[in-house]
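Contents: one structure, followed by commentary.
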Amino acid sequence: MNWHDDRLPALVLVTVFVAVTLAVTTWAAHRRQGTPEEFYAGGRLFSPVENGFAIAGDYMSAASFLGISGLIALYGYDGMVYAVGFLVAWLLVLFLVAELVRNCGRFTLADVLVSRLRERPVRVASGTASVLVSLLYLVAQMVGAGTLVALLLGDTGPDVRTWTVVGVGALMIVYVAFGGMRGTTWIQIIKAVLLMGGALTLTALVLLRFGGDPASLLTGAAERSGYGDAFLGPGLLFGESWVSRADLISLGLALVLGTAGLPHILARFYTVPTARAARRSVMWAVGLIGGFYLMTIVLGFGAAALLGPDTVRADNAAGNTAVPLLARFLGGGVGTTGGTVLFAVVAAIAFATILAVVAGITLASSAAIAHDLYGSLARRRGRRRLGEVTVARLAAIGIGALAIGLGLLARNLNVAFLVGLAFAVAASANLPVLLYTLFWRRFTTRGALWAVYGGLLPAIALVTLSPVVSGSPDALLPGLNFAWFPLQNPGIVSIPLGFLAGWLGTVSGRGRPDPYRHAETEVRALTGAGAV
């Protein structure tokens, strides 16, 4: 295909967004950023509406905009599992997590845990898990960035993707190191507004093509797909075997339970002044996210009906470019003014999505390194020479470099699928220890360590031994084969193991929980008394 007519406007809009976000970062850098409260939480000065838009901006990632729509375009009904799972997860966050986390913590998940557990070992365990989850999530965004900019430049060669991943990594380091939470939040707000506007425009155009009738859209998608009515039923992506069905259940568990354990989502609850504001933030976020995922379903089926799965797959085997291709078609096609403009706008929005999300994830992981790992280990050894904010900035550089390397390694995988792995690890390692700490009176430090490592290590091991890493042409290491675990997502095994390990560690240990610290944590969680 000849991308020349589309290339320049898209690159101009991407450049404009980068310039605006760098200006926001510069503005934030001139504000006071020297204290952890300013750097990690933006001074806790954001309103519920602002934080709700920022949460939505943090959550609606490249996996949502590019990956989910692409999976629906290729596999129909089965692709919707991601959209439904991502949305339903927020009910758990709203009812069980948001207010309690805001009341009990300061900057990270570990702050909640140490309110009633022994500090050093719990911070090390929780910080390690948070960094690994963040890295998995970052890799997905890097893959999306490489795919998108390769499409913009009309070159899908490895050199273009390599330099794109390096460029995105450099930008996210700048956003975090200089802008902190204040700059990152405003970038996410801008991105959320742009993304909702772009998705709404495309959704309206798709529905207009079918007279506003969703049933006509689904019928057209089924006919164009080549699968007939099977396109609208389960089985195309996950198949009919017991392994495929187990993979579907595993993915659903990971998506629904993983959100409440994502470090960059939990960190957003600390940017508002009160628990009530945190709850209202989540309500705003649920509304925005719910509307967005409904639109991704329309866009996915729209791409199937108007372009056809073969066209989508021919451009990108994983389906990551379905939405930009759909935008060009809706605008009039290749070479038309409308197609050029709409393609450029959507591509720029998708790139903005990636930049905003990677900034939030990098900030959360650098906070875990500086506040939890460095703070605990350096304090014990008496060598705490660098300030915590300085360490966080240095950690952002290291996380960015590591994410670049992993993003280059995984560049052929679907971004929504990669995010599913991150959710599985978060649900296995972070969620059990968080829920036990908040709701189980007998929970002990030993139980917390068993819960984190008992979920984290099996999840990482099972992913390593799965077809994702070896044993298939699309694996990370296609030339090797040590795929002894048949499922692609480990959640169905590792999540119950995390909860089981936490229970066993508690009931088998000799240590007893401190009833006074539990009572203090319970009062603070439910009333906000003593909250920071």
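A pairwise comparison of heavy atoms in T311 and L325 identifies O-CD1, 4.4 Å as the closest pair. The heavy-atom pair separating M60 from L288 by the smallest distance is SD-O, 4.3 Å. Listed here is the closest heavy atom pair of A322 and G70: CB-CA, 3.9 Å. Of all heavy-atom pairs between A501 and G454, the closest is CB-CA, 3.9 Å. Across A305 and A221, no two heavy atoms sit closer than the pair CB-N, 3.5 Å.
Residue pairs meeting the side chain to side chain donor-acceptor pair (under 3.5 Å) criterion with at least one member in residues 190-219: none, sequence neighbours excluded.
Here the rule is side-chain contact (heavy atoms from CB on, under 4.5 Å) with V139, and of L406, L402, I404 only L406 fits it. With R268 as reference, I55 is the one residue of L262, I55, V282, V101 to meet the side-chain contact (heavy atoms from CB on, under 4.5 Å) rule. The one candidate from L138, T128, L456, V425 that meets the side-chain contact (heavy atoms from CB on, under 4.5 Å) condition with V133 is V425. For the ring-ring contact (aromatic ring centres under 6.0 Å, His included) test with Y59, the passing option among F292, Y137, W90 is W90; the others fail. For the side-chain contact (heavy atoms from CB on, under 4.5 Å) with F329, the lone residue among L205, L307, V206 that qualifies is L307.
One distance of note links CZ of R313 with OG1 of T321; it measures 11.5 Å at 0.5 Å rounding. To the nearest 0.5 Å, atoms CG (L132) and CD1 (I460) are separated by 5.5 Å. Between the CZ atom of R328 and the OG1 atom of T336 there is a distance of 9.0 Å, given to the nearest 0.5 Å. D310 contributes atom CG, which lies 9.5 Å from atom CG of L74 (distance to the nearest 0.5 angstrom). To the nearest 0.5 Å, the span separating OG on S69 from CG on L202 amounts to 9.0 Å. Note that CZ of F53 is 11.5 Å distant from CG of L195, once rounded to the nearest 0.5 Å.
Of the possible donor and acceptor atoms, one in the side chain of R224 sits under 3.5 Å from a partner among the backbone N and O of L306. With S466 contributing its side chain and V463 its backbone, the two residues share a donor-acceptor pair below 3.5 Å. A donor-acceptor contact shorter than 3.5 Å is absent between the side chain of S130 and the backbone of G127. Distance alone, capped at 3.5 Å, places no donor-acceptor pair between the S494 side chain and the S428 backbone. Looking only at distances, a side-chain donor or acceptor of D78 sits under 3.5 Å from a matching main-chain atom of G235. Distance alone, capped at 3.5 Å, is enough to place a donor-acceptor pair between the S250 side chain and the G491 backbone.
Proximity of F210 to V298: side-chain heavy atoms (C-beta onward) are nowhere separated by under 4.5 Å. At least one side-chain heavy atom of V176 sits under 4.5 Å from a side-chain heavy atom of S366. Counting heavy atoms from C-beta on, the side chains of T271 and M181 come closer than 4.5 Å. E50 is not listed as a side-chain neighbour of T185, based on a closest heavy-atom distance of 4.5 Å or more. Within the 4.5 Å cutoff, no side-chain heavy atoms of Y175 are placed close to those of T362. Two residues are said to be in side-chain contact when any heavy atoms from C-beta on lie closer than 4.5 Å; Y77 and L232 fail this criterion. Looking only at side-chain heavy atoms (C-beta outward), F17 and L13 stay at 4.5 Å or farther from each other. Counting only heavy atoms from C-beta outward, the side chains of V346 and L326 never approach each other to under 4.5 Å.
Within a 6.0 Å radius of CZ in R279, other residues, nucleotides and ligands contribute more than 12 heavy atoms.
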Run the side chain to side chain contact (heavy atoms under 4.5 Å, CB included) test on V88 and V84 for me, step by step, so that the C-alpha distance in whole Å, both residues' side-chain angles and the decisive distance to 0.1 Å come before the verdict.
CA-CA 6 Å; V88 172; V84 174; 4.0 Å; yes

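Ring-centre distance between F423 and F86: below the 6.0 Å cut-off.
For the residue pair Q488 / D247, no side-chain donor-acceptor distance below 3.5 Å is found, with atom types taken as modelled.
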